[in-house]
Structures are given as C-alpha cells and as structure tokens.
Amino acid sequence: MAYPFPEIEPKWQKFWDEHTTFKAVEDSTKPKLYVLDMFPYPSGAGLHVGHPEGYTATDIYCRYKRMRGYNVLHPMGWDAFGLPAERYAMQTRIHPRITTQENVATFKRQIKMLGLSYDWNREINTTDPKYYKWTQWIFLKIFNAWYDNNLDKARPISELPMPVGLTEKERYQYIANHRLAYLAEMPVNWCPELGTVLANEEVDEWTEKGYTVERRMMKQWMLRITAYAERLEKDLAELDWPPGIIEMQRNWIGRSEGAEADFPIQGSKKSIRVYTTRPDTMFGATYMVLAPEHPLVDEITSSQYRKVIDEYRAQAKQKSELERTALEKEKTGVFTGGYTMNPATKKPIPIWIADYVIFTYGTGAIMAVPGHDERDYEFARKYNLPIVEVVAGGDLSKAAFIDDGVNVNSSNDEVSLNGLPTPQAKERMIRWLEQKRIGERSIKYKLRDWLFSRQRYWGEPFPLIYLEDGTVKALPESHLPVLLPDTESYKPSGTGESALATVDSWVKTVDPETGKPARRETHTMPQWAGSCWYYLRYIDPRNEKEFCNKDKEHYWMPVDLYVGGAEHAVLHLLYARFWHKVLYDLGYLSTKESFKKLVNQGTILGEDGRKMSKSFGNVVNPDDVVKEYGADSMRLFEMFMGPLEDTKPWSTRGVEGVHRFLNRVWRMIVDEDGNLLASIKEEPLSVEDERLLHQSIKKITLDIENLNFNTAISQMMIFVNEFLNKEVKPHSAMETFVLLLSPFAPHLTEELWEKLGHKQSIAYEPWPQYDEAKTAIETVEMVVQINGKVRSKFPVPINMDEDELKRLVLADQNVKRHLDGKRVVKIVVVKNKLVSLVVK
RNA sequence: GCCAGAGUGGCGGAAUUGGCAGACGCGUACGGCUUAGGACCGUAUGUCCGAGAGGACUUGUGGGUUCGACUCCCACCUCUGGCACCA
C-alpha cells in the first residue's frame, strides 16, 4: 500500500501558501543566504525533468539552511522575452504576451507542484513593463557612461573631459564615441527571401531549407564590454566557480601579452602597426600579412596587383565570418606588390593580404614568422616565402617550431637576442622596441564588444529617439518604460527592421524636451538583457522608485549560491558580470561580483541514454512522474541519481526505488489506519542505534553542505533499513530522522511531523546536532595484509596498543598459514585500519 | 587541432589525507507471506576455479613510485563539454 501522497502533497502546498511560510524579509539578527536558480524561459512545451534537478538541489539547501537559522532568499521568475514566442505569434497572430502568460501559468503550476520553497511574493517577469522599465533604465545608465582608463572605472558621461574648440557636431560625435553603448556598422545574417535578419541559431535551419543567408552591414547598438576585459578576467580569481567554467570564461576573454611594433612602408612615410605575442621572433619575420579589410591596403597595392587584390577583397567580403573561419581549408592570400622593412633585420619584406588574418583582432596586421608559427609556416610553404630559424630546437624542414627555445640568427648593430631563452628574449626585444620608439608592450583580448541590437518585436525597446538631424537622444528617465506597442503583425518589416518599424504611430514621436519630431529606435534588446540583472530585482521586486533599494541590496548581495545549466557558462554569466560591474562603478551596488558560488547541474538524459528529445520519443514529463509517484519521490530520485554536476540517464525503475523507500519511511512511523505506530515509544536508544543515528546526522549534514545529495539519501536508506522493523522505535529517533529527511521530502515529513505530535510546520525546526563522541565505534575490524594481499580480518578494540596488536596478528591462524617457512621483514601498522606484513 | 572534465559489476553510482574496491539503489535468482500479486518481507548476487575451506583475477590500456594505488607520476586509448586561423 502506497502512502497517501495525493492527499498529503496538495495539503501542505496549500498550507505553505496560506501561511507564506517561505516569505523572506530582511532581518539583521540572522545571517543571510541568497540562493538563486537560473530562471527559465517559459516555453510552450512546459517543464522537462532537467529543470527540477537544479531547483530541487537549491530547495534542499535552502530548507536545510533555514533550519540552521539562516535568513534565506530563494526566488523564482520568468525570462520571457525571446524568439520562440515571437515566431509562434507570426504563425498564429496571437500576441506573444498572451502565449507568454499561458506558458508562465503552466510553468508555475508545474514548479509549485514540486513543493519548492520559493518566496512567490518576489516573482518577476522580464516582459512585465514594471520590470523592463528598469532594464531600460540600466541601459540608459550604460549609455550615459564612459570608461575612465585612468581610474579604471565607468563614470557618468557628464564627467567626460572634453577637448577644447570643438564644434557642436564634433562635441556630439566625441561624446558618442565614448559612451559604453554606441552605434557601429556590424554584419548581420540577412536572408533576402524572408526579408529579415536571422539569429545565429536560425541560420542553419533556414539554409537547410534552401534559403540564402548573406552578410549585410547594419548600424547596430554595441556595448563596450571590452573596456571591462581586464577586470572581468582578473576578478575570476575571487569566484568559487567550477574550474572548467572559469577556464571557459578566461578563454573567451582571451588575454594575451605581447608587443606592438611599427613596420615602415617602403616608398611612403606611413607605417603599419603589427601585434605579436612573440616579439622574440621578429628577426624571423620574412613577410607581412594584412587583413583584407585593412585600411592601408589601397595605399600599398601597386597598380599591377590592383586587380587581383580588389578581387580577393571582394571575395573575402562575401564570405560570412563562419565561412572564413569554420571551413578550415587551405590558406589563401595575394601579394600587394608593396614592401615594408623588418625593423630588426632592416631588410625589405613583401606585404600580402590574406583572410587568415582577422581585421578585428590586434591591429589587423601581422609580421609573419613562418619558422615559429604554424599558420605562417603553412602559408609560406604554399607561396614559397622564405623561412628563417631564429629559435633553435626544431626542424624547420618539417614543421614550424612554436615552443620556447634559445634564440639564434637574432642580432643587428643595436641588439642581440642570440643565446637568450624565449622569455628573456621577449623582454629584451620589447625593451629595444621601446627604446627605439618602434613599438611597445601590449596586452590584447579576444573579447569583442557586445552586439546588443536585435531586429525583433518581442524584446525590450530602446529608450532612444532619432532626431531629424540624425542624432540620437536618450529619453529622460521620467518617460520610462517605453512600452512595446500592440501590432497586427509580428513579421519583420522586410527592410531588415523589426515589426516595430511598421507601427507608424509608435515610431513617430516627439522629443519630449523640445517638442520637435523624432523617430523611435526600432531595434530591441537581446534576451540576455533581462537576465543580466534579474538577481538584483528579486531583492526589491515591487520598488517603483528604484531598480533596487540600496540597503536591501547591501543586506542580500552577493548571491551565495547560483545553480543552473552549463550552457550559460560563458555568455549569460559574462554579460551579467559586466552589467554588475558597470552598476558597481556608478555607485549602485556594493559588491564587485554578483555570484559568489556557482554550480552547474548536469544534463538528464532519456532512459535510453540519449539526449531527451521529442524525435527520440524519450522525453519524461514531470506531470506524469508526480501523478504516479508524487512530488517527494520525484525530488528524491532527481537527487539520488548521482552527483548534481554529472550527466546521467533517467530511470523509471529508479523512481520506483526511491518511492518504495518513502513508503518504508511512512510504514516505519504510521500504521495501516494512519495513526502513529504503537512501536514508537518514549524510550532511550541502544548504544548501537544511537551510534547509527549520530552517524546519520553527521553524514547527512556534511553531505548537504557539500551538495552531495545522493550519498545523503543512501545514509537515510541505511537508517530506515535498520529501524523499519524494530519492535521498539524511540520517539526521539523518529523525530530526528524526519527532520533529516524534511529538506528532501518536505510534504511527507510535514505530515509525519504532525503525526508525531507537532502543531508547527517543520520548516523552521532546528536542524539536529550530532555528538562526535556518539558516532565513535568501540571495535574495528583489523585487516591483515601479507605482501599487499588481504589474508585475515578480525575484530579488535579501538585504539589497541601496537605491540599487543602485532602479537595478536602473528598469533592469528590465517596469518600463520601464510607465514609458513618465511621471514617477516617489516610490519606496517595503520591505526584502527590494518597491519601490513612484508615477508620473504 | 587546442583547452577542461570523466572512464569502477548486468545498470545508476559509493569509497577523508594512498589503507578491506563495489556502500545505497536498480535488476536478477531463490525462499516466505498470500486466493492471487508486477504489493510486502527475507537471503544471495564483481568474474573465474573449487562440493567446501580457500584461491586467482578485477576500477579504460601499458608502465612507474610504494609494505600498500580507483586515488600519486609518465605515456596512450575512448567518451562528454567548450573553443576553433585571435598572431
């Protein structure tokens, strides 16, 4: 007979709701704890079993910490802007607001049915104008800020020092160029047949259907995240994040140290600046390569090469960034006819253009050192360019030697690197470049500025207007939020702009300060925008005057534990950290970083070990699981499957297993009529039972602290296996056990707690304490190894005297048998564990 | 190719600082209870040899350090995730 979870679970969910059991209020008498789940995008498909994994883990942790006296903030909300709702709207003409509301209702029902202890008073939705008002407000703060490299922080644009003698137009341009949000011509994925811009993730889908997607330049809003590259990289060190994620962020930011140097163009006064991480190899630079887009290409190209160069550049322009990089085919390039001089060797070297050099990284130009760079080597081989060895240690007839080594062939009248190991050679060369004013030390990042415009309807509108003279103006804060207008069609305008561009009455507006006609920006913000700061809004979700009250922010921040999928390892977490730092610089926040500890839950695979997907027919619906086995079983199984971070397959048998366990828990305490079992009495525990109880408290406590929920559950199973059929079960032991189980199976344990005679919810009962002395055992099983093999075991009292123990070991029958005719060379005693004999 | 993480029974997975490999669960087999049960209870269960006592082998592969290695070191193989011409 199964325990009556269909009655118990709704009963306690209602109780928690009605008593607002999990409402969080600032309370300076308690230590605070902010535990955050990555909020979901409420898709039409509803919750899948992957969502509750992280949610259950944080819920257990929160419930445990409340019992330990922490004031816990544990909120939930909806990341509801995004492409799927908009695409659905295009097909059905149903407003995305409506479908979003429906999807949120489904998600909320499903999440609530799991008994998660969220403070629902703090629920937020990124598509709510009351929320996105503040997303727009933060955008304005970014827009109205510049990065002061001297102070190494963002400052209000009003504090930007202005050069004297600028015209009004120049002033405008100067300021625009310094804002942290700026307009730039950037390539988009343009599909002529659809007349729309595609998101990167859509490109494959449409090209597979035979549509063409090409690169097209468009003015777009960019956020100057590169200004923060150094701090975003440096502050990673203070985060308690999985090393893998830190590494991924580090790679994404891509810091590299090197030098820049000027190479004079022959027959011109100008020079070309290159960036290299290997200044020590400059004597081996035998040619130069510019990115096809490099502005000096025209000037360098001699007339007889003009035609090929132009053709090559046109070709490169056609190719999308994907094609240029992902194809990984043979390198191509063409000679410009121009020459530059290697400043180290003073010899002329040819200038080529090739699309393996990226315009947007470094200076868009490289000195090619084929002897010590694989790419340059490949290129030089193909086009018969000279290869010179300047670092000894490799065989240049076979491959480039890219490792560190010792310099050779590296001297001129002023400097010699010969004999120097690579690190010193680098330093020596940089010093020489700086002395001769040829170049200087330089640090570069791979990180690019953040393309922040989307040509979409279902996103936050920018609080910006274009005046008739073409200038951009920020709307005053008092005009926020800029609401999304309703429209008949959600289809993009066909010109590359979003559907917003077709809503004339919305686009046409006036400058609120001058009354002059103006047009609204029709781009919208990317989905990342709302998720960049939601953790701050939870702190003060109903505040209409500020995005977040400062005292409250000070009390709750930073987020102590953040749990979510690893798919957000780079972008979401990097963008959120960036916004956080901007707000910190501008004085709105008290912490440098947002998320102190981060944990990624692993993916749950289908029962067949494949990724869950409709096409495989292996998707597990949480509704079905809860209906069949109850929410507590679902929660428990999700935690019992294995370590939180691991990828692991679903198993219906496994759910049945933990469900059986919960039934056993019920039967351990409740009789067939639903009353407390007669075997539960006010009696003291035997020494053995008390030991098991204290061992269980200890193991479960430490396991929850370390988020090792699977082994905590194992320990509870051991406890129940021992106690289930005891004739007498001490009341206190049963209570302690129910407390231990309560973070995992809150509904069942609330019910049992009530049956054990309590009127109050179990949620804030003090967590059981263990007594280390009571976990100790009196006898240990001593293992005897002879030449590394276990030959005997016998019980001995704990902490036995070593000599006595040795005597016992040598007297043991099994040991004697193996010692027959041999000599004991050495005895190793590991206290309370084993005795190891070496014999000959 | 590069970076990070991981390889343990039929399956999911356990194993402080090196110290009895396989906890706990699933599955399987046998037994009990039962009109019946796919409910429940009990016993067994890494592989091989052996009637048994006992023995041999066993944590991806090969080597090393050690009285002792899933754990540390070296080389290799496989899988997962990320990056992918970033000079």
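So that the names make sense, note that chain A is the first sequence line, chain B the second, and so on, each numbered from 1.
- Considering only the side chain of A:Arg653, B:C26 comes nearest among B:C26, B:A23, B:C67.
- The two residues A:Gly50 and A:Ile604 make their nearest non-hydrogen contact at CA-CD1, 4.4 Å.
- You'll find that the side chain of A:Val838 is closest to B:C67, out of B:C67, B:C26, B:C85.
- Between A:Tyr445 and A:Thr226, every side-chain heavy-atom pair lies at or beyond the 4.5 Å cut-off.
- The side chain of A:Leu834 lies closest to B:G19, out of B:G19, B:A23, B:C40.
- Within the shown strands, nothing qualifies as a pairing partner of B:U16 under the Watson-Crick or G-U definition with both distances less than 3.5 Å.
- Taking every side-chain heavy atom of A:Tyr356 into account, B:C85 is the closest of B:C85, B:G55, B:C67.
- Taking atom C1' on both B:U28 and B:C73, the two are 41 Å apart, rounded to the nearest angstrom.
- Ring centroid separation for the pair A:Tyr383 and A:Phe335 does not come in under the 6.0 Å cut-off.
- No engagement by A:Arg250 is indicated, since no non-hydrogen atom pair under 4.0 Å with the nucleic acid exists.
- No contact: A:Lys444 has no heavy atom under 4.0 Å from any strand.
- Base pairing of B:A36 is not made with any nucleotide, judged by Watson-Crick or G-U wobble geometry with both donor-acceptor distances under 3.5 Å.
- Below the 3.5 angstrom threshold, one finds no donor paired with an acceptor across the side chain of A:Lys833 and the base of B:C20.
- Contacts with RNA chain B (heavy atom under 4.0 Å) in residues 637-647 of chain A: A:Phe640, A:Met641, A:Pro643, A:Thr647, listed by number.
- Side-chain atoms of A:Arg667 lie closest to B:C41 of the nucleotides B:G55, B:C41, B:C24.
- Atom P of B:G5 sits at a distance of 23 Å from the matching atom of B:C85, rounded to the whole Å.
- Across all strands, A:Thr603 comes closer than 4.0 Å to no nucleic acid atom at all (heavy-atom distances).
- Comparing the P positions of B:C74 and B:A4 gives a spacing of 13 Å, expressed to the nearest Å.
- Figure legend. B:U78 is base-paired to B:A6; pairs are counted as Watson-Crick or G-U wobble with both atom distances under 3.5 Å.
- Residue A:Gln785 is in base contact, counting any heavy-atom pair closer than 4.0 Å across all strands shown.
- Look at CG on A:Asn710: it is 14 Å from P on B:C24, rounded to the nearest Å.
- Only the C1' atoms considered, B:U59 is 15 Å distant from B:G18, to the nearest whole Å.
- Between A:Trp241 and A:Tyr562, the distance separating the two ring centers is not shorter than 6.0 angstrom.
- Of all nucleotides listed (B:A87, B:A23, B:A56), B:A87 comes nearest to the side chain of A:Val357.
- Of all the heavy atoms in A:Ala368 and A:Asp376, the pair that sits closest is CA-OD2, 3.3 Å.
- Taking 4.5 Å as the limit, every side-chain heavy atom of A:His372 sits out of range of all side-chain heavy atoms of A:Asp280.
- As judged by a 4.0 angstrom heavy-atom cut-off over every strand, A:Gly254 is placed among residues making no nucleic acid contact.
- Using N1 to N3 plus N6-O4 or O6-N4 for Watson-Crick, or N1-O2 and O6-N3 for G-U wobble, each under 3.5 Å, B:A51 pairs with nothing.
- Within the nucleic acid shown, A:His659 has no heavy atom closer than 4.0 Å to any nucleic acid atom.
- Distance, A:Ile246 CD1 to B:G5 C1': 15 Å, rounded to whole Å.
- Using a 4.0 Å heavy-atom cutoff across all strands shown, A:Arg255 reaches no nucleic acid atom at all.
- Residues A:Ser651 and A:Leu837 both approach RNA chain B. Their nearest nucleotides, taken by heavy-atom distance, put A:Ser651 toward the 5′ side.
- Nucleotide B:A21 has no partner under the Watson-Crick or G-U criteria, as no pair reaches both atom distances under 3.5 Å.
- Annotation: B:C79 and B:U8 have their P atoms spaced 14 Å apart (nearest Å).
- With rounding to whole Å, A:Asp373 atom CG is found 18 Å from B:G1 atom P.
- Taking 3.5 Å as the limit, the base of B:C20 and the side chain of A:Lys793 contain a donor-acceptor pair of atoms between them.
- Look at CG on A:Asn251: it is 14 Å from P on B:G82, rounded to the nearest Å.
- Looking at the side chain of A:Ser714, the nearest of the listed nucleotides B:C24, B:G27, B:A56 is B:C24.
- Within 4.0 Å (heavy atoms only), A:Gly362 reaches no atom of the nucleic acid at all.
- Between B:U17 and B:A56, the two C1' atoms lie 32 Å apart (nearest whole Å).
- Checked against the 6.0 Å centroid threshold, A:Phe737 and A:Phe719 count as a close aromatic pair.
- Note on A:Thr711: only backbone sugar-phosphate atoms sit closer than 4.0 angstrom, heavy atoms only; bases stay farther off.
- In this structure, the CD1 atom of A:Ile604 is 15 Å from the P atom of B:G12, given to the nearest Å.
- Look at the C1' atom in both B:G19 and B:A6: the space between them is 25 Å, to the nearest Å.
- Side-chain proximity of A:Met717 to B:A87, B:C20, B:C24: nearest is B:C24.
- Mapping A:Asn725 and A:Tyr361 onto RNA chain B by nearest heavy atom places A:Asn725 at the nucleotide closer to the 5' end.
- If you take CG of A:Leu662 and P of B:G25, they are 13 Å apart, rounded to a whole angstrom.
- Judged by Watson-Crick or G-U wobble contacts below 3.5 Å, the nucleotide B:G42 has B:C30 as its partner.
- In summary, A:Lys831 and A:Glu802 do not engage in a salt bridge, as defined by a charged side-chain N under 4.0 Å from a carboxylate O.
- You'll find that the side chain of A:Arg817 is closest to B:G54, out of B:A87, B:C41, B:G54.
- With both ends at atom C1', the span from B:G62 to B:C67 equals 24 Å, rounded to whole Å.
- Side-chain contact check for A:Asn708 versus A:Pro643: every heavy-atom pair is 4.5 Å or farther apart.
- Using a cut-off of 4.0 Å between Lys/Arg side-chain N and Asp/Glu carboxylate O, A:Lys793 and A:Glu781 are scored as not salt-bridged.
- Taking syn as a glycosidic angle within 90° of 0, B:G38 does not qualify and is anti.
- Following rounding to the nearest Å, A:Ile700 (CD1) and B:C24 (C1') show an atom-to-atom distance of 12 Å.
- Using a 4.5 Å cut-off on side-chain heavy atoms (C-beta onward), A:Trp666 and A:Leu748 make contact.
- Of the candidate nucleotides B:C20, B:C24, B:G19, B:C24 has the atom nearest to the side chain of A:Asn721.
- Between A:Lys729 and A:Glu722 no salt bridge is recorded (no basic side-chain N to carboxylate O distance below 4.0 Å).
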